[in-house]
Amino acid sequence: MREANQLVGKALAEVGKHIKPGVTTAFLNDVADEFIRDHGAVPSFKNCPNPFGKPFPAAICTSVNNVVVHGIPSENVILKDGDVISVDCGVLLNGYNGDSCYTFSVGTISNALQNLLSVTRESLYKAISVAVVGKHVGDISYAIQSYCESFGYGVVKELTGHGIGRQMHEAPQIPNYGEQGRGILLKEGMCISIEPMITLGDPKVWLLPDHWGIITRDGKQSAHFEHTIVVRHGHSEILSSFEGIEHLEGNI
């Protein structure tokens, strides 16, 4: 699990090197697909079916601005200055899955968007800090919801994090809203993917006609960050990594 999730982190950093105005999301997908396969893994999102039985056609999800999640890479989606793009990536390596997401800024973004990204990312780490043995899924959910809503942001309720291991999506679901002390008890060794999906405005969403992309109803931007972790006594261990991205962004 560590190896698979570290590879996801490296793949996201590789994609991050190419995020700039004028680049298509289809090109970013090609970068990720080649990088993952060159490292002996398989892009696990590719051909993964949705509830309608429609397979996802790409290696990564590229969700720009008001697309919350599951954006399909396209030659027709060209990044421009001021955009934000969340890149969600999954790999299957030696029978185990890795999953992580990062929301990148394209060129120079507004202060409002920068704050949204900062708060969403911080909510992820607040959730991780309570994902320890003896706590409940609701403690993770509450940490995200209470923090993000304190800034007036919308918390998307239709989409959740999840358990992960031999399968990309396993029990339990990890909602981004909930009550402390409620839900499944967290136990030693549980691997889960925590992924706050937060909007600048109203949290209500629509499904696009392609049966994959999820967009905000009010057209406002969103942010999405995800780490895969393992539950431990007194702490949680982050298996994925943003380190390569942080080097790119000059934060290390």
All heavy atoms of Asn94 vs all of Glu3, minimum pair found to be ND2-OE1, 3.8 Å
I would like to know whether Thr228 and Ser193 meet side-chain hydrogen bond (donor to acceptor under 3.5 Å, both in side chains); could you show each step before the answer?
-> CA-CA 4 Å; Thr228 294; Ser193 296; 2.8 Å; yes
Mind running side-chain contact (heavy atoms from CB on, under 4.5 Å) on Asp33 and Lys46 for me, showing each step along the way? CA-CA 9 Å; Asp33 195 301; Lys46 198 164 189 177; 3.4 Å; yes
Any donor-acceptor N/O pair, Asp218 side chain to Asp202 backbone, under 3.5 Å | yes
Next on the checklist: With a 3.5 Å distance limit and no angle check, can you tell me whether Asn97 reaches the backbone of Gly165 through a side-chain donor-acceptor pair?
Outcome noted: yes
_Joint hydrophobic cluster, Val15 plus Val84, side-chain heavy atoms closer than 4.5 Å_ = yes
Looking only at heavy atoms, the pair that brings Ile19 and Ser105 closest together is CG2-O, 4.1 Å
For Ala41 and Leu93, the nearest pair of non-hydrogen atoms, with its separation, is CB-CD1, 3.9 Å
Check: Under 6.0 Å from the CD atom of Glu122, do we count more than 12 heavy atoms belonging to anything else shown?
Finding: yes
Ser86 side chain reached by Glu226 side chain, heavy atoms, under 4.5 Å: no
Item to check | Side-chain donor or acceptor of Asp139 paired with backbone N/O of His136 under 3.5 Å | outcome: yes
Aromatic ring pairing His169/His162, orientation class (parallel under 30°, perpendicular over 60°, tilted between) = perpendicular
Query raised in the report: Would you call Cys148 and Val119 a side-chain contact if the rule is heavy atoms closer than 4.5 Å?
Result: yes
The reported gap from CD in Glu195 to CG in Leu124 (rounded to nearest 0.5 angstrom) is 9.5 Å
With no hydrogens and no angle check, do the side chains of Arg2 and Tyr96 hold a donor and an acceptor under 3.5 Å apart? no
With a 4.5 Å cut-off on side-chain heavy-atom distances among I, L, V, M, F, W and Y, is there a chain of contacts connecting Leu239 to Ile192? no
Practice item. Take Arg217 and Glu158, measure what salt bridge (charged side-chain N to carboxylate O under 4.0 Å, His left out) needs, and give me the verdict at the end. Key: CA-CA 13 Å; Arg217 292 191 188 187; Glu158 290 83 356; 5.7 Å; no
Quiz item: Does Ile245 belong to the same Ile/Leu/Val/Met/Phe/Trp/Tyr cluster as Leu79, with side-chain heavy atoms less than 4.5 Å apart forming each link?
Solution: yes
Gly234 and Val132 have their tightest heavy-atom pair at C-CG1, 3.8 Å
dist Asp88:CG -> Thr103:OG1 (nearest 0.5 Å) comes out at 9.0 Å
To the nearest 0.5 Å, atom OG of Ser240 lies from atom CG of Leu7 at 12.0 Å
Quiz prompt | Validation row: Ile144, Ile194 side chains within 4.5 angstrom (heavy atoms) | solution = yes
Checklist line | Enclosure of Phe35 CZ (heavy-atom neighbours >12, cutoff 6.0 Å) | finding: yes
Q) More than 12 non-hydrogen atoms from neighbouring residues, nucleotides or ligands closer than 6.0 Å to NZ on Lys54, yes or no? A) yes
Could you walk me through whether Ile140 and Leu186 pass the side-chain contact (heavy atoms from CB on, under 4.5 Å) check? CA-CA 10 Å; Ile140 296 172; Leu186 301 177; 3.9 Å; yes
Would a distance-only check, ignoring hydrogens and angles, find a side-chain to backbone donor-acceptor pair under 3.5 Å from Thr120 to Leu117? no
Review point. Does the side chain of Phe56 come within less than 4.5 Å of Cys61's, by heavy atoms?
Key: yes
(message) Take a 6.0 Å sphere around CD of Glu188 and say whether it holds more than 12 heavy atoms from other residues, nucleotides or ligands.
(response) yes
Check the orientation of Tyr153 and Phe151. Use parallel for under 30°, tilted for 30 to 60°, and perpendicular for over 60°. parallel
Exam field: side chain Asn5 to backbone Met1, donor-acceptor pair closer than 3.5 Å:
yes
All heavy atoms of Gly16 vs all of Leu248, minimum pair found to be C-CD1, 3.7 Å
- Item | pair Ser74-Thr24: side-chain heavy atoms closer than 4.5 Å | no
Discussion item. Donor-acceptor check, side chain of Gln145 to backbone of Gly178, threshold 3.5 angstrom: yes or no?
Written reply: yes
Value for CD1 (Ile36) from OG (Ser44), rounded to nearest 0.5 Å, stands at 7.5 Å
Item to check | Side-chain (Asp99) to main-chain (Gly90) donor-acceptor, under 3.5 angstrom | outcome: no
- prompt: Tell me, do Val31 and Lys17 make a side-chain contact under 4.5 Å, heavy atoms counted?
  reply: no
>> Other residues, nucleotides and ligands only: do more than 12 of their heavy atoms fall within 6.0 Å of CD on Glu170?
In response: yes
Cluster check Val133, Ile128: I/L/V/M/F/W/Y, side chain < 4.5 angstrom
yes
For Thr62 and Thr25 the tightest heavy-atom approach is OG1-CB, 3.4 Å
Original post:
Got more than 12 heavy atoms from elsewhere within 6.0 Å of NZ, Lys220?
Top reply: no
How about Pro175 and Lys157: do any of their side-chain heavy atoms sit closer than 4.5 Å? no
Problem - ILVMFWY network linking Leu208 to Val69, side-chain heavy atoms under 4.5 angstrom - result: no
Side-chain donor or acceptor of Asn65 paired with backbone N/O of Asp83 under 3.5 Å: no
Value for CZ (Phe225) from SG (Cys101), rounded to nearest 0.5 Å, stands at 8.0 Å
Requested in this report: For residues Leu116 and Leu113, determine if any side-chain heavy atom of one lies less than 4.5 Å from a side-chain heavy atom of the other.
Outcome: yes
Determine yes or no for a side-chain-to-main-chain donor-acceptor pair under 3.5 angstrom, with Asn66 supplying the side chain and Gln221 the backbone. no
Separation between CE (Met197) and OG (Ser63), nearest 0.5 Å, reads 10.5 Å
Would you check if the distance from the ring center of Phe242 to the ring center of His227 is below 6.0 Å?
yes
